[in-house]
Amino acid sequence: MQPIRTFNVSSSLPEQLEPLRKLAYNLHWDWNVETKDLFRRLDRDLWESSRHNPVLMLGTISQDRLQEVAEDEGFLAHMERAARQLDEYLTERNWYRKHRGHTEQKECYAYFSAEFGLAECLPIYSGGLGILAGDHLKSASDLGLPLVGVGLLYQEGYFSQYLNPDGWQQERYPINDFYNMPLHLERDANGEELRIAVDYPGRQVFARIWRVQVGTVPLYMLDTNIEPNNRYDHDITDQLYGGDIDMRMHQEIMLGIGGVRMLKALGLQPTAYHMNEGHAAFLALERIRDYMQEGLSYHEAQQVVAASNVFTTHTPVPAGFDLFTPDKIMHFVGHYANTFGLPAEEFLALGRENPRDAQAPFNMATLAIKMASFVNGVAKLHGLVSRVLFQNLWPSLPVNEVPVSSITNGVHARSCVAKFTQELYDRYLGPSWQATPADNSLWERVDTIPDDELWRNHERCRSELVVFVRERLQKYLRERGASPVEVAEAQEVLDPGVLTIGFARRFATYKRGTLFLRDIERIKRILLDLHAERFKGGVLVGQKKRMVQFVIAGKAHPKDTPGKEVIREIIHSIREQGLGRHIVFIPNYDINVARMMVSGCDVWLNTPRRPREASGTSGMKASMNGLLNLSILDGWWDEADYVRTGWPIGHGEVYDDPEYQDTVEANALYDLLEQEVVPLFYDRDEEGLPRRWVAKMKDAIRLNCPHFNTARMVGEYAMRAYFPASDRYRDMTADSYAAAKTLAGWKTNLFKHWSDIKIEDIDIAEPADLQVNQTIPVKVRLNLAGLTPDDLQVELYQGSVDANGEIVNGMPVVMNFQGKENSSLSVYTGNITYTSSGLQGVSLRVLPHHPHLSSPYEPRVVLWA
């Protein structure tokens with residue numbers, strides 16, 4: 001039965017409790033201990049059953065309970081304290097003002113992502129990419145950046161996981177009730193729902209706009225589940241990463257194109273656009289169309305868009321990028337080609353590595369790179385991998401000069417550090433530890449934390465994890481219809497005094513979730529402390545058994561059958577070997593499970609195939625809680641101090657034979673556990689404290705916490721990407737787009753003459769045998785073929801010569817224009833010096849030069865001698 005009218009009914013609060021509403025609708029509560037404790041105090045059971053959703057709590061809690069706390073002076077004082085903290089937080093964000101200073105125009109940075117992991121009660125994320133995006137918004141708020149998030153609001157979000165009796169992952173898709181979530185429906189001046197329309201083949205699709213307030217940062221999300229859309233179009237914002245390739249296309253059009261239209265409808269004028277992965281790359285097409293409607297040509301509009309776009313890739317392999325067939329691209333967004341005045345092949349070339357390959361698919365990452373002036377990977381190693389991955393977009397550049405930099409990921413400290421651990425840090429480090437840079441003397445205070453206090457705090461976190469796991473496992477078993485015996489056994493899993501290793505992540509095969517089970521007999525000996533040398537005559541030598549236990553969690557993508565097989569293999573191994581008390585798989589991994597694990601485990605395990613892990617962030621969260629990492633040297637761990645803050649598995653080797661690699665690295669893992677990890681954990685002094693282990697915990701906190709956090713990361717994005725992109729945007733749009741028009745015309749002339757440039761002569765007078773630090777003068781004569789010296793940058797390129805006769809790790813030396821030798825030849829001079837002996841080489845190259853280029857590599861042309 002359809003209603004003839006609907007009403008949005010909000011919670012009814014006594015007047016003195018009205019501050020609860022403001023607190024509930026700003027996600028600041030997610031990383032503010034005071035506010036979380038307030039809602040937990042209101043109704044602990046309801047807080048848990050609502051998945052930590054204060055809006056749902058206020059809508060369902062009994063009026064009797066509200067009236068009771070309205071007369072509770074202690075509760076009211078607690079509420080006023082939390083409300084005051086929120087008000088102070090919203091007005092005291094000054095990092096941006098301090099580092100940006102006065103700007104001539106109001107700035108706005110738009111951050112586009114397909115998913116955002118913000119809180120357990122907003123299940124619109126799948127894994128690391130979404131959590132990173134959520135933490136990005138939180139730290140942007142902490143720093144006071146004028147940033148807005150752009151995404152899609154999924155009715156079913158990502159799936160809820162459960163395992164059938166055979167251990168096979170099953171999926172449920174609970175419906176998100178937007179009206180009982182911390183969301184605001186955006187309305188126009190007349191109180192009507194604010195809506196935008198996006199063009200699809202043969203129709204328009206409409207979307208309304210929801211906002212979640214993340215501190216000072218608004219996240220705007222589009223929802224297509226409305227009339228007058230048809231049933232198929234309702235599903236565009238149904239499931240995250242659900243449906244087929246056509247649905248993926250529909251979602252990415254709505255995110256990129258719809259996202260730009262949404263910002264315009266909201267009256268926002270971003271000065272920088274950040275594409276978090278290639279899902280939002282279509283935003284470039286819509287932005288170009290907008291500028292063309294203001295009278296710019298396609299090439300002029302493209303200069304403005306590329307100058308102010310930023311692209312971050314999280315993918316270390318080509319298979320990870322979204323690819324669409326040419327016919328699908330032309331069917332769905334081909335009308336942009338007509339608007340731009342581009343032939344089909346030229347339009348399709350925007351998403352192709354090789355513009356002349358008519359059979360190549362359209363790559364969304366390629367489109368994003370070609371439409372951006374700043375491109376980065378998410379760890380130093382991933383930056384190197386990405387430069388190799390995208391080298392063909394700059395085929396004339398050495399791989400080390402491919403303009404893909406890196407900004408190493410981080411995590412939001414207040415969101416992932418356990419409550420009691422935060423209070424410990426506040427006492428000994430001060431209240432600003434979460435955003436204090438690594439070079440600050442504050443971090444020296446970590447050593448002042450008493451060993452016993454740090455250790456007892458951690459033991460409390462481990463005990464809470466054990467209780468949490470037992471309760472969650474029993475609940476899951478009851479829901480599955482398990483026998484009373486199984487439910488009772490769940491109450492006995494894990495030991496709060498045993499070395500606990502955590503492994504939680506997406507179950508993709510390259511992450512090797514079963515590597516620790518490769519030699520089942522050996523891992524059993526480690527788990528149960530059955531090593532022969534520990535026994536004499538059948539009697540244990542030493543004070544107690546040095547046992548080990550594992551807590552495991554994670555989901556496989558619904559269509560990833562091999563990933564589901566990994567989960568089932570773990571479950572079967574646990575059962576067949578009778579290890580149910582020592583290895584526990586927690587179903588339905590989410591933000592809350594992650595927070596319990598990264599605070600309550602002792603060691604964080606990560607075993608990907610190098611270099612398949614772009615960054616990884618769960619290990620960073622573990623470090624912030626004082627956990628030690630045990631990991632393959634991949635992603636962020638490759639650049640961390642992996643000796644003082646944990647243990648590396650291997651030394652960064654890359655193998656051709658994956659079976660051999662698994663054997664070698666599994667054995668290395670076992671060796672580390674047996675010889676280093678377990679003995680160190682159980683090495684206790686007369687007070688029962690593992691002093692050397694605690695020292696390593698302090699190193700993990702001191703060395704990793706200040707660097708691998710989003711305060712540093714977002715600050716780096718601001719300084720290296722957002723500020724320069726906004727400056728370029730201002731330059732390009734000033735004086736009726738004068739700079740954009742000039743640059744577009746200059747590029748047209750550059751490409752017209754580029755292939756006619758000739759290097760006529762290179763004069764190197766010195767003999768082949770030189771001495772270190774000897775200066776070598778070089779003179780070059782060029783035919784600039786209609787270009788001027790101001791259009792070009794001429795460089796000597798010097799460096800060591802490898803066994804293949806190639807210059808490696810070359811360094812450019814800019815040459816000076818000396819004038820014309822005759823009507824056709826331009827003369828350049830320069831000096832080179834070698835600071836090391838051996839076989840050295842020099843070459844010459846010509847690059848474009850213009851004051852409005854973001855870099856000389858932007859036009860992607862280089863002429864080498």
Side-chain angles (χ1 to χ4, degrees), residues 303 373 387 391 393-403 728 731 739 742-802 805-865:
Q303 305 311 313
S373 56
R387 286 189 284 278
Q391 184 179 16
L393 289 172
W394 292 270
S396 299
L397 278 183
V399 67
N400 64 301
E401 289 192 81
V402 170
R728 287 191 294 268
D731 292 344
T742 299
L743 185 58
W746 176 84
K747 281 186 177 180
T748 299
N749 186 59
L750 175 81
F751 296 138
K752 178 181 177 182
H753 295 287
W754 184 263
S755 59
D756 296 326
I757 300 172
K758 288 185 173 55
I759 301 171
E760 299 288 359
D761 179 57
I762 303 176
D763 183 4
I764 304 176
E766 299 299 326
D769 295 325
L770 303 170
Q771 292 182 340
V772 170
N773 294 327
Q774 181 177 342
T775 299
I776 308 163
V778 181
K779 180 185 285 188
V780 174
R781 295 174 178 84
L782 297 178
N783 184 335
L784 302 188
L787 297 173
T788 71
D790 290 338
D791 296 329
L792 305 172
Q793 182 167 299
V794 181
E795 297 178 344
L796 294 166
Y797 190 78
Q798 66 176 75
S800 302
V801 178
D802 66 11
E806 299 285 339
I807 295 176
V808 292
N809 300 320
M811 294 292 295
V813 177
V814 177
M815 303 190 77
N816 299 310
F817 174 64
Q818 298 298 337
K820 291 267 191 177
E821 190 167 271
N822 54 46
S823 59
S824 60
L825 293 181
S826 297
V827 178
Y828 290 80
T829 62
N831 296 314
I832 55 174
T833 304
Y834 294 104
T835 57
S836 59
S837 61
L839 187 60
Q840 305 284 340
V842 65
S843 187
L844 178 86
R845 68 183 183 185
V846 182
L847 293 164
H849 176 266
H850 192 278
H852 293 308
L853 285 178
S854 59
S855 86
Y857 307 134
E858 181 191 314
R860 296 204 302 281
V861 290
V862 185
L863 175 65
W864 288 88

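Note that these values count all heavy atoms, side chains included, but never hydrogens, waters or copies made by symmetry.
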Under 3.5 Å donor-acceptor pairs involving side-chain atoms of residues 826-833, not counting sequence neighbours:
unit_1, atom_1, unit_2, atom_2, d
Thr829, OG1, Gln818, NE2, 2.7

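For the atom pair Ile762 CD1 and Leu796 CG, the distance stands at 8.0 Å (nearest 0.5 Å). A distance of 10.5 Å separates OG in Ser855 from CZ in Arg860, rounded to the nearest 0.5 Å. Put simply, CG on Leu847 and CG on Leu863 are 9.5 Å apart, with the number rounded to the nearest 0.5 Å. Ser843 OG to Glu795 CD: the interatomic distance, rounded to the nearest 0.5 Å, is 11.0 Å. In this structure, Leu784 CG and Lys758 NZ are separated by 12.0 Å, a value rounded to the nearest 0.5 Å.
Between the side chain of Arg845 and the backbone N or O of Val794, no donor-acceptor pair lies under 3.5 Å. The main-chain N or O of Thr788 is found under 3.5 Å from a side-chain atom of Asp791 such that the two form a donor-acceptor pair. Within the 3.5 Å criterion, the main-chain N or O of Ser854 finds a donor-acceptor partner in the side chain of Glu858.
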Decide yes or no on side chain to side chain contact (heavy atoms under 4.5 Å, CB included) for Val846 and Val862, but give the supporting numbers first. CA-CA 6 Å; Val846 182; Val862 185; over 6 Å; no
Begin with the C-alpha distance, continue with both residues' side-chain angles, and end with the deciding distance and a verdict on side chain to side chain contact (heavy atoms under 4.5 Å, CB included) for Val842 and Val778. CA-CA 10 Å; Val842 65; Val778 181; 5.7 Å; no
Apply the test side chain to side chain contact (heavy atoms under 4.5 Å, CB included) to residues Met815 and Val780: give CA-CA distance (whole Å), side-chain angles for both, the deciding distance (0.1 Å), then the verdict. CA-CA 9 Å; Met815 303 190 77; Val780 174; 3.7 Å; yes
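Annotation: side chain of Gln793 is not in contact with side chain of Pro848 (no heavy-atom distance under 4.5 Å). Using a 4.5 Å heavy-atom threshold, the side chains of Leu792 and Ile757 count as touching. Within the 4.5 Å cutoff, the side chain of Lys820 has no heavy atoms near those of the Leu825 side chain. Taking 4.5 Å as the limit, some side-chain heavy atom of Trp746 sits within range of a side-chain heavy atom of Leu853.
Remark: Asn783 pairs with no residue by the side-chain hydrogen bond (donor to acceptor under 3.5 Å, both in side chains) rule, at least two apart or across chains. In terms of the side-chain hydrogen bond (donor to acceptor under 3.5 Å, both in side chains) criterion, Arg387 has no residue partners (sequence neighbours excluded). The side-chain contact (heavy atoms from CB on, under 4.5 Å) search around Ser800 returns Val808, Gln840, not counting sequence neighbours. For Gln391, the side-chain contact (heavy atoms from CB on, under 4.5 Å) partners are Val399, Val402, not counting sequence neighbours. His852 pairs by the side-chain contact (heavy atoms from CB on, under 4.5 Å) definition with Met732, Ala739, Leu743, His850, not counting sequence neighbours. Every residue was checked against the side-chain hydrogen bond (donor to acceptor under 3.5 Å, both in side chains) condition with Asp731, not counting sequence neighbours, and none meets it. Asn822 meets the side-chain hydrogen bond (donor to acceptor under 3.5 Å, both in side chains) test with Ser824; sequence neighbours excluded. With sequence neighbours excluded, no residue satisfies salt bridge (Lys or Arg N to Asp or Glu O under 4.0 Å) with Asp763. Taking Asp756 as the reference, Ala785 meet the side-chain contact (heavy atoms from CB on, under 4.5 Å) condition, with sequence neighbours excluded.
Here the closest heavy-atom approach between residue Asn400 and residue Gly810 is recorded as ND2-O, 4.3 Å. Summarising the geometry of Val772 relative to Ser837, their closest heavy-atom pair is CG2-N, 3.8 Å, with the distance given to 0.1 Å. For Gly841 against Tyr834, the heavy-atom pair with the smallest separation is O-OH, 2.8 Å.
Other residues, nucleotides and ligands place no more than 12 heavy atoms under 6.0 Å from the NZ atom of Lys752.
Between Glu821 and Lys779 there is no salt bridge, since no side-chain N of the basic residue sits under 4.0 Å from a carboxylate O of the acidic one. Between Arg781 and Glu760 there is no salt bridge, since no side-chain N of the basic residue sits under 4.0 Å from a carboxylate O of the acidic one.
Residue pairs meeting the side-chain hydrogen bond (donor to acceptor under 3.5 Å, both in side chains) criterion with at least one member in residues 767-778, sequence neighbours excluded, are Glu766-Gln774. The ring-ring contact (aromatic ring centres under 6.0 Å, His included) contacts involving residues 749-800 comprise Tyr797-Trp864, where partners must be two or more places apart or lie in separate chains.
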